[in-house]
Number of protein chains: 2
Amino acid sequence: MTFADRLAGLVRARGSQIVLGLDPDPARLWPDAVAGAPAEGPPARRAAAAVRAHCAALIDAAGPACVAVKPQLACFERLGADGWAALAATVEHAREAGLLVLADGKRGDISVSAAAYAQALVGSTPTPFGDVPGLGADAFTANPLLGVDALAPLVDGARAAGAGVFVLVRTSNPGAADVFDLELASGGPLWERLAAIAVELGEGVPLADVGAVTGATFPEHLARMRELMPRTPFLLPGIGAQGGSVESLAPAFAPGRAGGLVSASRSIANAHRQHGGDPAGAARREAERLREAAWRLV
Amino acid sequence: MTFADRLAGLVRARGSQIVLGLDPDPARLWPDAVAGAPAEGPPARRAAAAVRAHCAALIDAAGPACVAVKPQLACFERLGADGWAALAATVEHAREAGLLVLADGKRGDISVSAAAYAQALVGSTPTPFGDVPGLGADAFTANPLLGVDALAPLVDGARAAGAGVFVLVRTSNPGAADVFDLELASGGPLWERLAAIAVELGEGVPLADVGAVTGATFPEHLARMRELMPRTPFLLPGIGAQGGSVESLAPAFAPGRAGGLVSASRSIANAHRQHGGDPAGAARREAERLREAAWRLV
């Protein structure tokens with residue numbers, strides 16, 4: 001079963017296209033997670049325990065309104081080996097809750113190294129001591145700057161594991177225009193060329209298993225993106241804290257509900273700071289609000 | 001003291017511009033490293049111990065002919081938390097041997113996440129339990145696709161730690177042409193625009209503290225790159241296994257010996273497979289051969 005099939009089935013079954021971003025900042029965790037951390041030990045160990053508890057509580061609260069989680073790898077890596085262990089535990093927790101896991105690391109490297117990233121995220125690594133399983137994610141984000149031969153081992157590794165890849169086509173940050181929007185001599189901006197690469201890599205399946213990261217903060221591009229990538233699942237980050245609104249995303253859902261995944265992180269985890277209430281209840285309500293708003297668009 | 005100053009001083013002191021790439025493949029480690037791994041335990045733990053021993057032996061053998069090591073983060077991440085612990089131990093070992101550490105992860109993400117990567121690689125992370133130190137690298141590689149506002153937190157984080165950033169300007173893989181070489185409507189290929197971004201970010205210091213990754217497999221571009229980036233340190237991967245030759249790199253060294261760092265991985269670690277002898281002796285000889293060849297160019 002391909003990632004695209006699993007995604008479409010799960011969007012239907014859970015009635016949600018919302019992706020819960022997990023960007024834990026150790027300085028802004030939910031109070032209960034901090035209070036429950038071990039009273040002693042190295043700071044990295046204690047902080048990683050708190051991060052793990054925070055993510056588990058967030059998944060328990062907001063997960064029922066979502067179809068996937070998207071852990072931001074940087075947020076875990078900054079706690080070193082303890083952070084990576086917390087990441088693995090968070091992935092496990094999300095899978096047990098029936099959610100897909102989209103590992104957000106925006107990896108991209110030349111062939112041998114790209115293959116190693118695929119092993120780390122969705123595959124496994126042969127060693128003289130037996131195979132070492134990777135993170136077990138269902139999909140991951142990838143940076144296409146190094147070209148097709150650098151993306152291919154990521155896509156091959158993902159396919160072999162029944163996983164998906166979301167290629168950065170245009171990101172949600174204000175400075176994305178610096179490079180993605182550069183006009184090519186052959187016509188059209190660079191991101192249109194990246195869209196063509198994503199389509200080419202995902203060819204041959206009804207809903208492509210190579211998706212595209214298409215920032216939700218520039219909805220004016222979405223109709224054109226859908227034209228260029230008719231069967232490509234879009235991962236749409238930038239809702240909420242980054243300023244994007246769900247209602248502007250309608251063109252993304254042209255190929256059906258699983259054609260667009262709407263990702264929100266801080267607006268869910270920090271909903272209590274804006275709307276009051278306990279963190280879990282506020283997160284649950286905000287995730288449910290987003291779920292309804294997106295579901296209504298198709 | 002900026003990274004560029006430390007780099008220039010160390011290149012002089014060690015008489016070397018060679019960067020020892022550490023891309024450990026658990027299936028191709030030096031036999032002694034495998035034999036010395038714990039006899040029991042989970043595969044990830046045993047493989048990580050072997051990777052750590054392999055890297056330490058490689059640093060001990062080839063390090064004296066080098067100025068820096070360049071661990072490929074993917075190769076460690078595929079062993080999970082144990083792999084990250086082996087990475088941290090390898091960084092520590094290299095620093096004790098007097099070598100700079102260039103963390104090769106080609107990271108790139110939007111603002112908050114980019115700042116987290118800087119914390120992970122060269123900074124530290126505030127937590128309620130105290131600051132958690134990152135990897136303690138001296139520099140790292142960065143992917144510029146997401147634009148200047150995504151690179152800025154990486155550069156700021158690096159500067160605050162006295163560390164450097166090497167921005168991908170043009171990589172060494174055959175497919176690099178797919179995107180880096182795209183001709184822009186405003187004239188010149190995309191990589192020239194990326195070179196301008198690297199220069200802009202590194203302005204204001206004699207030898208810039210923002211470097212450029214410029215693949216050694218396309219030496220025909222090097223003179224033009226030097227013209228566009230007169231004071232930028234180049235990290236030149238692709239020597240040896242990827243087919244680049246040291247002699248073709250002369251234009252990189254125009255601003256002085258520290259202007260070009262020549263990176264080699266598999267051609268050193270696997271020198272015994274090609275030239276015979278024990279792995280350590282063969283690695284030492286190959287690193288010394290590269291050191292002499294590069295030093296002779298200026």
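Letters A, B, ... mirror the listed sequences (proteins, then strands); counts begin at 1.
Separating the CZ atom in A:Arg193 from the CG atom in B:Asp178 is a distance of 9.0 Å, to the nearest 0.5 Å. Between B:Gln119 atom CD and A:Leu79 atom CG the span is 9.0 Å, to the nearest 0.5 Å. Distance check, rounded to the nearest 0.5 Å: CG of A:Leu182 to OG of B:Ser186 gives 7.0 Å. Between the CG atom in B:Leu194 and the CG atom in A:Leu145 there is a gap of 6.0 Å [rounded to 0.5 Å]. Rounded to the nearest 0.5 angstrom, B:Asn143 CG and A:Asn143 CG are separated by 3.5 Å.
Chosen from B:Thr125, B:Leu29, B:Thr127, B:Leu168, the residue pairing most often with chain A at heavy-atom distances under 4.5 Å is B:Thr125. The residue among B:Ala185, B:Pro144, B:Pro237, B:Ala176 with the most heavy atom pairs within less than 4.5 Å of chain A is B:Ala185. The most heavy-atom pairs under 4.5 Å with chain A, out of B:Gly134, B:Gly130, B:Gly80, B:Ala44, come from B:Gly80.
A:Ser113 approaches B:Ala74 most closely through the heavy-atom pair O-CB, 3.6 Å. A:Pro128 and B:Pro26 make their closest contact through CD-O, 3.1 Å (heavy atoms, listed as atom of the first residue, atom of the second, distance). Of all non-hydrogen atoms in A:Ala50 and B:Phe129, the two that sit nearest each other are CB-CE1, 3.9 Å. Smallest separation of non-hydrogen atoms from B:Gly175 and A:Asp149: N-OD2, 2.7 Å.
Looking at B:Asn173, its side chain does come within 3.5 Å of a backbone N or O of A:Leu146 through a donor-acceptor pair.
For A:Pro126, the part lying under 4.5 angstrom from a heavy atom of chain B is the backbone only. Looking at A:Leu190, only its side chain comes within 4.5 Å of chain B, counting heavy atoms on both sides. Using a 4.5 Å cut-off between heavy atoms, B:Leu135 does not touch chain A at all. Heavy-atom distances place both the backbone and the side chain of A:Glu183 under 4.5 Å from chain B. Contacts of B:Gln72 with chain A are made by side-chain atoms alone, with heavy-atom separations under 4.5 Å and no backbone atom involved. At a 4.5 Å heavy-atom cutoff, the contact between B:Asp131 and chain A is made by backbone atoms alone.
Between A:Ile197 and B:Val179, some side-chain heavy-atom pair lies under the 4.5 Å cut-off. Side-chain contact check for A:Asp82 versus B:Trp84: every heavy-atom pair is 4.5 Å or farther apart.
Scanning residues 34-43 of chain A against chain B with a 4.5 Å heavy-atom cutoff picks out A:Val34, A:Ala37, A:Pro43, ordered by number. Contacts between residues 87-95 of chain A and chain B, counted as heavy-atom pairs separated by less than 4.5 Å, involve no residue at all. Within residues 102-112 of chain A, the residues having any heavy atom closer than 4.5 Å to a heavy atom of chain B are A:Asp104, A:Gly105, A:Lys106, A:Arg107, A:Gly108, A:Asp109, A:Ile110, A:Val112, listed by residue number.
Within a 6.0 Å radius of CZ in B:Arg170, more than 12 heavy atoms belonging to other residues, nucleotides or ligands are found. In B:Arg52, the CZ atom is not crowded: 12 or fewer heavy atoms of neighbouring residues, nucleotides or ligands sit closer than 6.0 Å.
For B:Arg78, the salt bridge (charged side-chain N to carboxylate O under 4.0 Å, His left out) criterion is met by no residue, not counting sequence neighbours.
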